[in-house]
Amino acid sequence: MTGTTSTSTTVATEVVLPGVVEPNGLQVRTRPLPAPATGQVVLRMDATGVSFAEQQMRRGKYYDQPPFPFVPGYDVVGTVTATGPGVDPALTGRRFAAVTKTGSWASHLLIEAADLVPVPDGVAADAAETVVVNGITAWQMLHRLAAVRPGGTVVVLGANGGVGSTLVQLARHAGITVIGTASARHHDAVRVLGATPVDYRDPDMYARIRRLAPQGVDAVFDHVGGPGLVQSWQLLRRGGTLVSYGTAATKDETGNSRLPVLKVFARLLLWNYLPNGRSAHFFNIWAGRRRPATFRRRLSEDLTQVLRLLADGVLTPQIAARIPLADAAAALELAESRTVTGKVVIVPGE
Ligand SMILES: NC(=O)c1ccc[n+]([C@@H]2O[C@H](COP(=O)([O-])OP(=O)(O)OC[C@H]3O[C@@H](n4cnc5c(N)ncnc54)[C@H](OP(=O)(O)O)[C@@H]3O)[C@@H](O)[C@H]2O)c1
């Protein structure tokens, strides 16, 4: 993979999602990158990773994915190798993190300098990668949306996942008791994170949670959707908050990719009108982006806090595997195998 200076051309290796394919249908290509435009930098990827979004995108099931073909990759940690006009050249050589939604499965990418968030010295790129989209999502849901207080109790569905494992750790650090759902194979890992595990394959799961928290819980974080969403809602105590943030249950359904999310929106809206003192929200990391300055400031503040907790050893990075970019298909397959705890990280390779 070729490096660059401001005066030479960068040849980027990119992984392309050509259409609805199995993971082994991903393609690898190289192309010269245009010089960075005003406000842009060239970022050399040091780590990226597999998010649930790519599992949905390869099925054409992500809510607002671009038309095929495109380069997937939701977030990245990398080093600036060239700067465009209007960007401080002193950024060159420094390491940053960014959320891109697509485009990060590449050896190099063009990115707006305004979207870069510094990574503290001493934090390895693969460790930082585990908390970029996962850390922002977890932090904002816990502290901005649900605003759960120390001493509270929450339920985290999918506590072994990328977002889930980060959310458990942030909540425990904030003095919150966590009940985490996961398949039995992940219960030891979930316990180590500090949560009480319950098996999501157990038909009595919700009854079990109720026995663990008979007064009801302060928040439920539900990325599964589907019929179980009603039961998540019913776990809340008065004043509690349901945070819905995905529809994993409908990943394999055929049909319109927006419909499952729209159904959830309608349901949450209705629940908010019920006079029962609970509230229901859909979290979307991209909400508010129409006011870019505020959006970027908030994202940067939140990611900086999470990266600081990582640097201080409060958060333990959950790296499921490190796989070279050229083997992105294997990375996606592993992430989809339902056997991992944490994040499958993609690294540059040879
Ligand atoms: N709204 C937003 O802005 C936003 C931002 C980021 C992420 N998200 C959502 O957050 C969720 C987690 O993302 P991630 O990247 O952390 O994914 P991940 O690392 O792949 O973890 C997924 C988790 O969900 C569980 N899971 C997968 N399919 C499931 C199903 N059909 N029923 C029940 N549980 C299931 C997995 O359990 P097993 O390991 O047992 O399969 C795992 O615990 C996704 O739904 C994603 O769309 C939303």
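Atoms within each ligand, like the ligands themselves, are counted from 1 in listed order.
- The cationic group of Arg258 lies under 6.0 Å from the six-membered ring centre of Tyr63 and within 45° of the ring axis, placing it in a cation-pi geometry.
- In Phe283, the parts holding a heavy atom less than 4.0 Å from any atom of ligand 1 are both the side chain and the backbone.
- Protein heavy atom at the shortest distance from atom 42 (C) of ligand 1 is Asn160 OD1, 3.8 Å.
- Thr247 and Lys263 share no donor-acceptor pair across their side chains, judged by distance under 3.5 Å alone.
- The atoms of ligand 1 that sit less than 4.0 Å from any heavy atom of Tyr200 are 37 (O), 38 (P), 40 (O), 41 (O).
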message: Test side-chain contact (heavy atoms from CB on, under 4.5 Å) on Val192 and Val190; report intermediate values, then the result.
response: CA-CA 5 Å; Val192 170; Val190 168; over 6 Å; no
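- The shortest contact between atom 48 (C) of ligand 1 and any protein heavy atom is with Tyr245 O, 3.0 Å.
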- request: Determine, stepwise, if the pair Arg278 / Leu242 fulfils side-chain contact (heavy atoms from CB on, under 4.5 Å).
  value: CA-CA 8 Å; Arg278 305 170 188 161; Leu242 172 65; over 6 Å; no
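- Annotation: atom 34 (N) of ligand 1 to nearest protein heavy atom, Arg338 NH2, 3.6 Å.
- Contacts with ligand 1 closer than 4.0 Å are made by side-chain heavy atoms of Gln55 only, the backbone lying farther away.
- The proximity of Gln56 to ligand 1, defined as any non-hydrogen pair under 4.0 Å, is limited to the side chain.
- The protein atom (non-hydrogen) at minimum distance from atom 7 (C) of ligand 1 is Val163 CG2, 3.8 Å.
- Phe221 pairs with exactly one of Leu167, Val155, Leu157, Thr137 by the side chain to side chain contact (heavy atoms under 4.5 Å, CB included) rule, that one being Leu167.
- Of all the heavy atoms of Ile285, the ones lying under 4.0 Å from any atom of ligand 1 are found in both the backbone and the side chain.
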